[in-house]
There are 4 protein chains.
Amino acid sequence: MTLADHAAPAPRPGRRADAERNRAAIIEAATVVFAECGGGVDVREIARRSGVGMGTLYRHFPTKDELLATVLEQQLDTWLTDAYRQAVATEDPWRALTGFFEQLLGNQAGNRAVVESYTATGGPGSACVQRCYALIDQLRVRCADAGVLRPGVTTDDLFLLSGALSQAVLTTAESHPGQWRRLLRISLDGLSSRNAEPLP
Amino acid sequence: MTLADHAAPAPRPGRRADAERNRAAIIEAATVVFAECGGGVDVREIARRSGVGMGTLYRHFPTKDELLATVLEQQLDTWLTDAYRQAVATEDPWRALTGFFEQLLGNQAGNRAVVESYTATGGPGSACVQRCYALIDQLRVRCADAGVLRPGVTTDDLFLLSGALSQAVLTTAESHPGQWRRLLRISLDGLSSRNAEPLP
Amino acid sequence: MTLADHAAPAPRPGRRADAERNRAAIIEAATVVFAECGGGVDVREIARRSGVGMGTLYRHFPTKDELLATVLEQQLDTWLTDAYRQAVATEDPWRALTGFFEQLLGNQAGNRAVVESYTATGGPGSACVQRCYALIDQLRVRCADAGVLRPGVTTDDLFLLSGALSQAVLTTAESHPGQWRRLLRISLDGLSSRNAEPLP
Amino acid sequence: MTLADHAAPAPRPGRRADAERNRAAIIEAATVVFAECGGGVDVREIARRSGVGMGTLYRHFPTKDELLATVLEQQLDTWLTDAYRQAVATEDPWRALTGFFEQLLGNQAGNRAVVESYTATGGPGSACVQRCYALIDQLRVRCADAGVLRPGVTTDDLFLLSGALSQAVLTTAESHPGQWRRLLRISLDGLSSRNAEPLP
DNA sequence: CATGAATGAGTATTCATTCAT
DNA sequence: GATGAATGAATACTCATTCAT
């Protein structure tokens, strides 16, 4: 898997320029609106902020859910790409893992819809979740090979941790921004090989 | 603070018996329904399962939110009472803290509305949150005094952790029940005084 | 089968008076509106003319289709009852059959929705269609026993004829009202035993 | 009136060839789609099956109704031409009339839009209806002159009969294909001079 | 006081038609 | 001329809350 596979906005050939611009406007507006208001917002609000009519919106995304999914996937994808880029550039396996979490979570601050989707299904859609899972798995293996990871820790554990922490990120987004970093540090310390007790 | 302050149903004087019975029935039904379906359920479903009419329901709780809050408060109150009872009965401060989390989270397994409320406001309502916060504070102090708690850990940290973990409880309720215990163990290990690095 | 089974408006016990009044108002308005505009009308129009809110309408009829079906059934039921009453009171079997058709079709003049439903499914709903079918069957047997009916004519034939003629009733409702009676007469004459050639 | 007047596609001079080809493609697709799905189909479906864009479709037919009318006219025109050809080739006036109906109705089997249009306006559009009416009139006169037609039967009667029977054709298209022929036979027998009673 | 019927603004989605490319 | 993207009013249905019985 390479970075380029996901970072590009995927310009479809033979597509009219303004259509592509509208599609982008819709996604951009939806990203903001979903993040601010959660998945329950009125579709009209998104259309309004996109500057397009309802029909246009529904031409590009045949369902509100599809739009939501697209936004979530793209959002998470961007974050994953950023986080992964930094992780591979980091020599120390443990720092790579730590940095990955920090970056991924830092991006989610205040994004209601993403966290909601974690709540509902355990992930915003299989394609993207799988990628996230795969990345975490890579990082876990590096740490395990280096002997810095607590024995018995699974990728599932790390993945679940990311979900739980994104909840914390959201909860504290307004009242105590940044407090989640303390929780992250605590959890990661619990994951270090210095804690050798078997997990339940 | 004593247990009795909160555990009793607070019988209001001059209240007809059947009114009290209705109120109890509403809360009982709402507890089940909110837990199963989340805060988004139709109020009618609650009225139906309570066996009372809509008017009665709205006489006791002028708003859906008020009913939700009441249910959450009572729910959490019960759990806190249980958890606290066990905590005070436990000599070892660390075990007391551990047991408290375990019991509190174990109760939340599958309760959609409670976790949702953590998501939305950072807590299910001030009165109850304060009590929870106070209990956690007591447990933290005991651990800190005994020197078993990582230095610098605040009550806010522990409280936020409880919220994050309830998210994990819910996420895995159906697919991987019990996996949250591993996360709890990891986090708590990160809280032990064996990890002495300062938190961010 | 007796007349009373269907003619009564079926007052449900324990039902609030105004609810029943509303239900009646809705059906009445819907009957008019569906007849005038066909099944495609906006539900709001029916609510408006009923003098009730949308919610009330949907409380009584959970679906537009259900309302439409109810109206059609009741409409047809009333007509059937009228037509049947006259038929049984008529000694001569052939006149009974003739009168039945005449009365049934005469009622349908200008009712768009009823004819539409015949178009779509071959009948406005099984319960009522079955009754209609059964009545026609009775009349057919009487005629056949009396030897006045063309041999080989089935109830299906008569039933289909009624549908085809209701189409004619509607078509000519405004431009040539009453012309359908000529068609009815022609068809019925073709059904008399004076025409003995076998049907295809 | 000759056949050639109507059967030809009326090539408009100064028209580019591909425009004419598009127009033909649209009509062809629309014919199929309207027949299958009725007049309520989405115009897009027709554009899709035509292989042309919406703009092209609306350039040729400024309105959906206009397209529908065109299709119906051409459709009926073709059928009429066929039916007429056979009618003039038939010596016996009664057989000519009978064959005309049979052929016309046989073509309509399963064509939703045509029957719908009969329902709505009493005919698919004046030009074509007039031709149909004229043909029926010719056949009626032949029969009347030969003394095989029931006295008093008008062209209006026959025309209305054709509409009523097309309803029957559609109704039974799927469940009892061919049953309409029995009804046709019955009605035509009612039209024979053997039935001499005056019509209402 | 209990009941549950009534309310009506709000929501996602469709489709005939127009217009920029 | 052709294309198909954009438009936006229209439509069926929901649900928190009120109020007549």
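These numbers come from the heavy atoms of this one structure, side chains and all, not from hydrogens, waters or symmetry mates. Each chain gets a letter, A, B and so on, in the order its sequence line appears, and its residues count up from 1.
- What separates CZ of Arg23(C) from C1' of dA6(E) is a distance of 16 Å, to the nearest Å.
- Along DNA chain F, the nucleotide closest to Val43(B) and the one closest to Gly40(C) are compared, and the more 5′ of them pairs with Gly40(C).
- Atom CG of Asp42(C) is separated from atom P of dT13(E) by 19 Å (rounded to the nearest Å).
- In this structure, the side chains of Phe34(B) and Ile46(B) come closer than 4.5 Å at one or more pairs of heavy atoms.
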(request) Output, in order, the C-alpha distance, side-chain angles, deciding distance and verdict of side-chain hydrogen bond (donor to acceptor under 3.5 Å, both in side chains) for Thr171(A) and Gln167(A). (result) CA-CA 6 Å; Thr171(A) 303; Gln167(A) 172 63 27; 3.2 Å; yes

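- Of the side-chain N and O atoms in Arg44(C), none sit less than 4.0 angstrom from OP1 or OP2 of dA12(F).
- Remark: dT21(F) base-pairs with dA2(E); criterion is Watson-Crick or G-U wobble with both hydrogen-bond distances under 3.5 Å.
- Between Glu36(A) and Arg49(A) there is a salt bridge, with a side-chain nitrogen of the basic residue lying less than 4.0 Å from a carboxylate oxygen of the acidic one.
- As rounded to whole Å, 18 Å separates atom C1' of dT14(F) from atom CZ of Phe61(C).
- The minimum heavy-atom distance between Thr31(C) and Ile27(C), with the atom names listed, is OG1-O, 2.6 Å.
- For Thr56(A), whose side chain is taken as the heavy atoms from C-beta onward, the closest listed nucleotide among dA2(F), dT7(F), dA12(E) is dT7(F).
- Taking atom OH of residue Tyr58(B) and atom P of nucleotide dA20(F), one finds them 18 Å apart after rounding to whole Å.
- Atom NE2 of His60(A) and atom P of dT13(E) are 16 Å apart (whole Å).
- Considering only the side chain of Asn22(D), dA2(F) comes nearest among dT17(E), dA2(F), dA6(E).
- Put simply, CE on Met54(D) is 19 Å from P on dG1(F), counting in whole angstrom units.
- A residue-by-residue look at Val52(C) and Val41(D) shows that Val52(C) has its nearest nucleotide of DNA chain E further toward the 5' end.
- Closest approach of Ser117(C) and Leu72(C) over heavy atoms only: CB-CD1, 3.6 Å.
- Residue Pro62(C) is the one, among Thr63(B) and Pro62(C), whose nearest nucleotide of DNA chain F lies closer to the 5' end (criterion: closest heavy atom).
- One interatomic measurement links the two molecules: CG of Leu67(D) to C1' of dC15(E), which rounds to 15 Å at whole-angstrom precision.
- The side chain of Asp18(D) approaches dA2(F) more closely than any other nucleotide in the set dA2(F), dT7(E), dT17(F).
- Between the CZ atom of Arg21(D) and the P atom of dA2(F) there is a distance of 10 Å, rounded to whole Å.
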